[in-house]
*Asks:* 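Take this structure first; my questions come after.
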Amino acid sequence: MRIVLLGAPGSGKGTQAKLLAEKFTIPQISTGDLLRAAVAAGSPFGLQAKAAMDSGQLVSDSIVLGMIEERLAKPDTQKGFILDGFPRNIPQAEALDALLEKVRMPLDSGLLIDVDFEILLQRLTGRRTCESCGQMYNIYTSPSRLDERCDKCGGNLRHRTDDNEETIGNRLRVYEAQTAPVAAYYRGQGKLRSVQGIGEISDIFIAIQKALGEPAHAKPVAAPAKPAPRKPAPIATQVKQEVAAAVATVKAVKKATIASIDKTEKKVAKTTKKAVASAKKTVKTASKTVKTAVKTTVKKGVKAAKKTLASAKKSMKKASKAVATKSPAKKAIVKKAAPKKKVASKKVAPKKAPAKKTSVKGRAIARKTVPKKKVSAKKSSKKR
Ligand code: AMP
């Protein structure tokens, strides 16, 4: 059985490849694993591959093809193989065909495991792999019971360095652009089989066997809920392991907390900066508006005042002209009026006295009264 497993990062290719390899007792060949081993060993291949892997890009075809050729030449591939993560683009698919044709071992199937984008993201960010036995976990969907340790062998669980959000984004984009067309390539050869990669691992495995035309069995999966019994270690070792596990958990929690605090702080700083900038802008705009308004109002006020002043001046001019024209007549009237009043008061006094028939006493009083009237008349004429 010679199979190529296709699917986006996080689609579960690795998990299903292991199960198929076990079922058919053939090797699982993962170019990702081979490259990671080369990086860990510090080989020249590994050093060249690391930068591309860390950024989520594809490693150069020449490196990958060299590794695959070397691996397929090993005797354990005679019965068959499961290729996991290879080919990743059309040139690799064509090179593989050429290679297999040379040794007369053509491919049987290209098997695509199809999964939605959102689920892929959750799977990739939560993915943990045992450093010792390769058992895979997911902190969201299938966590290990011992937190940072493998339920199967007690090994350390590792979070792949390229399973961070930025690199994941790149890997998914690269998959869409370069790897997805490989499915069409095998469809064109009539070799493509496809299954939905959502649900229980054992159910997906059954679907895969059926798609390959094989009798399907729900092979017991090394589920996290049922950890395989381990050989009891000496008490001291057990305690040591428990302590190490506890320390690892505390460290992981601390790391996660610090990362979360850092993230929140950055967010708050960014928001504050934005708010201050926007407030400054508002103040600037407001002061500009006020300045313009004041300027306009003052201008209007000055104009109105000038107008009022001009009209006041005009009125004053008119009034003074009018006064200048009317004043001689007034003076004349005043002059004429004054002597008339004097004469009237003088004439009134002698007429009134003889008209009254009074007693001697009364006449004496009258005489006394007359001179008084004359004085008052004279006084009033003087006033005028
Ligand atoms: P994987 O474990 O299959 O997800 O691969 C991890 C990384 O190894 C990828 O993101 C690539 O950088 C690199 N890689 C794995 N397989 C290939 C391949 N066939 N061609 C190019 N790069 C690969």
Side-chain angles (χ1 to χ4, degrees), residues 117-118 121 164-166 168-170 172-173 176 257-384:
F117 188 82
E118 296 301 320
L121 270 184
N164 61 69
E165 269 179 46
E166 194 188 332
I168 287 168
N170 280 340
L172 292 174
R173 272 190 288 276
E176 275 304 317
T257 312
I258 289 171
S260 142
I261 289 170
D262 280 356
K263 212 173 171 183
T264 313
E265 273 180 353
K266 268 185 195 166
K267 253 188 188 169
V268 169
K270 208 173 166 185
T271 316
T272 313
K273 214 175 163 186
K274 247 185 179 173
V276 168
S278 129
K280 271 186 184 172
K281 213 173 167 184
T282 312
V283 167
K284 211 173 167 183
T285 317
S287 67
K288 214 173 167 182
T289 313
V290 168
K291 263 184 193 170
T292 318
V294 167
K295 230 175 172 176
T296 317
T297 314
V298 167
K299 257 188 186 173
K300 268 187 183 168
V302 168
K303 211 173 168 184
K306 271 185 181 173
K307 216 171 167 182
T308 315
L309 202 71
S311 109
K313 270 184 183 173
K314 218 171 168 182
S315 306
M316 265 174 73
K317 218 173 174 179
K318 257 188 191 173
S320 60
K321 214 172 171 181
V323 168
T325 337
K326 284 175 187 172
S327 57
K330 267 187 183 174
K331 274 178 197 170
I333 292 162
V334 172
K335 272 178 190 171
K336 276 178 191 170
K340 263 185 187 171
K341 273 186 182 173
K342 265 183 195 173
V343 172
S345 64
K346 273 177 187 170
K347 278 178 182 171
V348 169
K351 267 184 187 172
K352 272 183 183 173
K356 280 183 181 176
K357 283 179 183 174
T358 49
S359 63
V360 177
K361 218 177 175 180
R363 263 183 239 147
I365 292 164
R367 258 183 233 133
K368 274 178 194 172
T369 318
V370 172
K372 266 182 191 172
K373 273 187 182 171
K374 272 182 189 170
V375 171
S376 74
K378 269 177 194 171
K379 269 183 190 171
S380 65
S381 73
K382 260 181 196 172
K383 271 180 193 172
R384 278 167 201 152

*Asks:* Would you be so kind as to tabulate the donor-acceptor pairs closer than 3.5 Å made by side chains of residues 292-307, with sequence neighbours excluded?
*Replies:*
from: T292; atom 1: OG1; to: K288; atom 2: O; distance (Å): 2.6
from: T296; atom 1: OG1; to: T292; atom 2: O; distance (Å): 2.6
from: T297; atom 1: OG1; to: A293; atom 2: O; distance (Å): 2.6

*Asks:* How long is the gap from CZ on R173 to CG on N170, to the nearest 0.5 Å?
*Replies:*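 Nearest 0.5 Å value for the CZ-CG distance: 5.0 Å.
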*Asks:* Could you tabulate the donor-acceptor pairs under 3.5 Å formed by side-chain atoms of residues 274-282, not counting sequence neighbours?
*Replies:*
from: T282; atom 1: OG1; to: S278; atom 2: O; distance (Å): 2.7

*Asks:* Taking side-chain contact (heavy atoms from CB on, under 4.5 Å) as the definition, give me every residue that meets it alongside E118, ordered by chain and number, with sequence neighbours left out.
*Replies:*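 Listed in chain order: nothing, the list is empty.
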